[in-house]
Amino acid sequence: MAVLSRDEISAFLADGYVAIRGAVPHEVAEACQEVIWSELRQRGVLRDDPSTWTAPVVRIPCPEGGPFTEAGTGLRLQDACDQLIGPGRWWRRAGVGGTIPVRFPSEADPGDAGWHIESSYESGGRGRVNVGSRARGLLALYLLTDVDAESAPTRLRPGSHLDVPPILAPAGRRGLDWSEAAPRAAQASAHRPTALATGQAGDVYLCHPFLVHAASWPHRGRFPRMIAQPGVALHIEYPLAGPPGAAPPVEQAILASLTPAPPAGPDDTSQRTSRVSAETFPRKR
């Protein structure tokens, strides 16, 4: 049975993300927290001593093995990735991967809260991103602690994944340097609303690789917030050939955003900055 319903696929196409609630069992998420605190202890950051929480954010590589293997290999998540990326197109990693920014209660600017997209591959030691999303199928956000609106949740711009392909397409398969693509994506999506990636420990957000997002601050919650944010790797980039309806949802959204919208009639007063409307990909309200 498919993990994602038709309504959830439609929401992903329109918004650029979908939340898989309870994707990681709660006890596994708690075990991941214990490992993270062990890593932080080596840096002088202690769970039971808030006086050691002096930085607004401490970023660590995601640990390997143990509960992280179980967290990253759950069947629901893998089936959802198959639905969004396409079976056989992505690397089934034996774990989570990526980095874990641990954000502590603080009014201080963490210095990393700007709107951006992720880079997808490296060339000459520099991050790049191209319209076929070479090497990146999704961005995953693993909530390893409860995250509410006060706890510095990741900010998302629903629909912003549709603003990015027209920026990347003129650069062809080589794409753009991330330092150029990220601010252009942020500017192009500035008209979009903001959503917060909140939820309970064990929830996972699967995001389109071109979704514009940002950290948030200040953190006015009571406890440190832990989110792993790995990329889901593609074996090859999307070919972007054929009709959008025949492609998996990640590729379908890219193709649709590059398809010219029909000419507006004289009485059309709808917003013209978005190439794909909610009517194109209807979703259940």
Side-chain angles (χ1 to χ4, degrees), residues 1-25 71-92 117 131-133 136-143 154 156-166 189 192-200 202-213 230-235 237-262 270-271 273-285:
M1 183 176 180
V3 174
L4 301 177
S5 67
R6 290 184 62 184
D7 285 343
E8 287 173 317
I9 294 292
S10 293
F12 179 86
L13 289 166
D15 295 337
Y17 65 92
V18 65
I20 314 296
R21 302 297 180 187
V24 177
T73 57
L75 291 180
R76 288 182 65 212
L77 274 178
Q78 292 188 343
D79 288 348
C81 287
D82 277 344
Q83 284 183 264
L84 295 175
I85 301 172
R89 292 191 173 192
W90 58 283
W91 179 35
R92 291 177 178 252
I117 57 173
V131 70
S133 194
R136 181 182 286 269
L138 292 166
L139 166 67
L141 303 175
Y142 284 74
L143 277 56
T154 302
L156 312 172
R157 282 182 173 168
S160 59
H161 62 306
L162 304 172
D163 301 318
V164 176
S189 61
R192 299 288 184 179
T194 298
L196 302 178
T198 57
Q200 297 183 334
D203 293 347
V204 177
Y205 283 73
L206 296 179
C207 306
H208 194 282
F210 296 155
L211 184 71
V212 179
H213 60 283
V232 179
L234 279 180
H235 292 308
E237 65 189 79
Y238 286 110
L240 303 181
V250 172
E251 184 179 14
Q252 186 175 340
I254 299 172
L255 287 167
S257 71
L258 296 173
T259 302
S270 62
Q271 188 176 35
T273 50
S274 176
R275 291 173 178 262
V276 180
S277 68
E279 286 73 26
T280 304
F281 298 125
R283 57 178 298 187
K284 185 177 181 180
R285 295 296 179 184

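Because the structure is predicted, anything quoted here is derived from the model rather than measured.
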Tell me the closest heavy-atom pair linking [X] and [Y], and the distance in Å.
{"X": "Cys81", "Y": "Leu206", "answer": "SG-CD1, 4.3 Å"}
{"X": "Leu141", "Y": "Ala197", "answer": "CD1-CB, 4.3 Å"}
{"X": "Phe12", "Y": "His161", "answer": "O-NE2, 3.7 Å"}
{"X": "Leu234", "Y": "Gly132", "answer": "CD1-O, 4.5 Å"}
{"X": "Pro209", "Y": "Val250", "answer": "CD-CG1, 3.8 Å"}
{"X": "Pro166", "Y": "Ser257", "answer": "CG-O, 3.8 Å"}

How many angstroms lie between [atom1] in [X] and [atom2] in [Y], if you round to the nearest 0.5 Å?
{"X": "Gln78", "Y": "Trp90", "atom1": "CD", "atom2": "CH2", "result": "4.5 Å"}
{"X": "Leu211", "Y": "Tyr17", "atom1": "CG", "atom2": "OH", "result": "8.0 Å"}
{"X": "Ser160", "Y": "His208", "atom1": "OG", "atom2": "NE2", "result": "10.0 Å"}
{"X": "Leu240", "Y": "Ile254", "atom1": "CG", "atom2": "CD1", "result": "5.5 Å"}
{"X": "Ser5", "Y": "Glu8", "atom1": "OG", "atom2": "CD", "result": "4.0 Å"}
{"X": "Leu13", "Y": "Leu84", "atom1": "CG", "atom2": "CG", "result": "8.5 Å"}

Check the pair Arg157, Ser189 against side chain to side chain donor-acceptor pair (under 3.5 Å), reporting the backbone distance first and the verdict last.
CA-CA 7 Å; Arg157 282 182 173 168; Ser189 61; 2.9 Å; yes
So Arg92 and Asp82, side chain to side chain contact (heavy atoms under 4.5 Å, CB included) or not? Walk me through it.
CA-CA 10 Å; Arg92 291 177 178 252; Asp82 277 344; 2.7 Å; yes
Quick one: does any side-chain atom of [X] pair with a main-chain N or O of [Y] as donor and acceptor, under 3.5 Å?
{"X": "Asp203", "Y": "Gly22", "value": "yes"}
{"X": "Gln252", "Y": "Ala246", "value": "no"}
{"X": "Gln83", "Y": "Ala2", "value": "no"}
{"X": "Asp79", "Y": "Arg76", "value": "no"}

List the steps and the verdict of side chain to side chain contact (heavy atoms under 4.5 Å, CB included) for Leu139 and Phe210.
CA-CA 9 Å; Leu139 166 67; Phe210 296 155; over 6 Å; no
For Ala23, what residues pass the side chain to side chain contact (heavy atoms under 4.5 Å, CB included) criterion, not counting sequence neighbours?
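With sequence neighbours excluded, Ala23 shows a side chain to side chain contact (heavy atoms under 4.5 Å, CB included) to Ile20, Leu77, Val204, given in chain and number order.
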Partners passing side chain to side chain contact (heavy atoms under 4.5 Å, CB included) against Ala19 (at least two apart in sequence or in another chain)
Arg21, Tyr205
Lys/Arg N to Asp/Glu carboxylate O, Arg89 vs Glu251, below 4.0 Å
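Salt bridge present between Arg89 and Glu251.
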Does a side-chain heavy-atom distance below 4.5 Å link Arg192 with Asp163?
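They are in side-chain contact.
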With a 4.5 Å cut-off on side-chain heavy atoms, are Pro165 and Leu258 touching?
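A side-chain contact exists here, since the closest heavy-atom pair is under 4.5 Å.
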Can you list the steps and then say if Val212 with Leu156 is a side chain to side chain contact (heavy atoms under 4.5 Å, CB included)?
CA-CA 6 Å; Val212 179; Leu156 312 172; over 6 Å; no
